[in-house]
Amino acid sequence: MADFKKIGIIGIGLIGGSICIDIKKRNIAEKVIGYSRKMETMKKAIERRIIDEFYEKPEDVINYVDFLILSTPISVLEEYIRLINKVKCDIYFTDVASVKEVVCKKVEEIIGKKANFVGSHPITGSEKSGIDFIKEGLFENKVVVITPTKNTKENIKGKIENFWKKLGSKVIKMSPKKHDEVFGFTSH
């Protein structure tokens with residue numbers, strides 16, 4: 001039996017698309033719902049059976065799913081956090097950005113204590129991006145850093161941690177600040 005009825009992915013590129021494939025392969029959700037700013041990407045995702053359905057508006061995805069993953073460039077994350085606050089502020093969600101402190105602060109600033117959010121950073125990927133480069137098993141035996149804050153609810157932390165473990169990942173926890181210190185140093 002699937003853990004979730006419907007998981008939504010906003011951003012169906014390398015990371016988001018690879019998450020979709022593995023959710024379906026591992027039966028983590030009954031349905032995977034996708035959204036991309038490009039209709040061509042959503043149509044490809046349906047044709048290749050990466051997702052089960054798509055919506056033309058991100059607010060419809062947010063409203064329709066049990067769990068949401070933001071797999072977008074950091075430059076548009078705030079826009080989606082504001083949309084989540086407006087449409088369904090209590091949805092369970094995570095992101096996959098490689099910086100965490102600014103994202104976690106934005107969630108707390110915009111949604112506040114109602115947020116059911118834990119930041120995530122899968123330490124995997126490729127120099128290539130986009131739907132044409134998605135890869136089954138991309139998260140298998142890879143580290144995913146989750147970044148709970150002092151305001152994170154235990155049940156949401158557990159749900160996010162279990163989600164990544166079901167994708168085959170090894171999960172470690174760090175504060176958003178510590179994450180950025182460690183990964184800022186190792187990335188540069």
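For this chain, numbers begin at 1 and follow the sequence in order.
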Proximity of F67 and Y92 rings by center, below 6.0 Å: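 So the answer is no for these two rings.
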Ring center gap for Y35 and Y55 short of 6.0 angstrom: no
Looking at every heavy atom in both [X] and [Y], which two are closest together, and how far apart are they?
| X | Y | result |
| --- | --- | --- |
| E56 | M42 | CA-CE, 4.4 Å |
| I50 | K24 | O-CD, 3.2 Å |
| T94 | S120 | OG1-OG, 2.6 Å |
| V61 | G8 | CG1-CA, 3.9 Å |

Is there a donor-acceptor pair under 3.5 Å between the side chain of [X] and the backbone N or O of [Y]?
| X | Y | result |
| --- | --- | --- |
| D180 | V99 | no |
| S169 | V171 | no |
| N162 | G158 | yes |
| S71 | G16 | yes |
| D22 | G137 | yes |
| K88 | V65 | yes |
| K153 | A115 | yes |
| N116 | D90 | yes |
| R82 | I110 | no |
| S18 | I134 | no |

Atom pair CD (E136) and CD1 (I21), whose distance is rounded to the nearest 0.5 Å: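 Rounded to the nearest 0.5 Å, the CD-CD1 separation comes to 6.5 Å.
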Rounded distance (nearest 0.5 Å) linking atom CD1 of I91 with atom CG of N63: 8.5 Å
Report yes if the side chains of [X] and [Y] come closer than 4.5 Å at any heavy-atom pair, otherwise no.
| X | Y | answer |
| --- | --- | --- |
| H121 | V144 | no |
| T124 | F139 | yes |
| I51 | I46 | yes |
| K142 | I123 | no |
| N85 | K114 | yes |
| I10 | I69 | no |
| P58 | D60 | no |
| E140 | L167 | no |

Donor-acceptor side-chain pairing of E108 and T149 below 3.5 angstrom: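 Yes, because at least one side-chain N or O of E108 sits under 3.5 Å from a partner of the opposite role on T149.
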Any side-chain donor near an acceptor of the partner, K170 and N141, under 3.5 Å: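 Looking only at side-chain atoms, N141 and K170 do not form any donor-acceptor pair under 3.5 Å.
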Heavy atoms from other residues, nucleotides or ligands near NZ of K135 exceed 12 (cutoff 6.0 Å):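 No, NZ of K135 has 12 or fewer neighbouring heavy atoms, counting only those of other groups under 6.0 Å.
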Other residues, nucleotides, ligands: >12 heavy atoms within 6.0 Å of R26 CZ: yes
Ion pair K6/E30, N-O distance below 4.0 Å: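 Between E30 and K6 there is no salt bridge, as every charged N stays at least 4.0 Å from the carboxylate O atoms.
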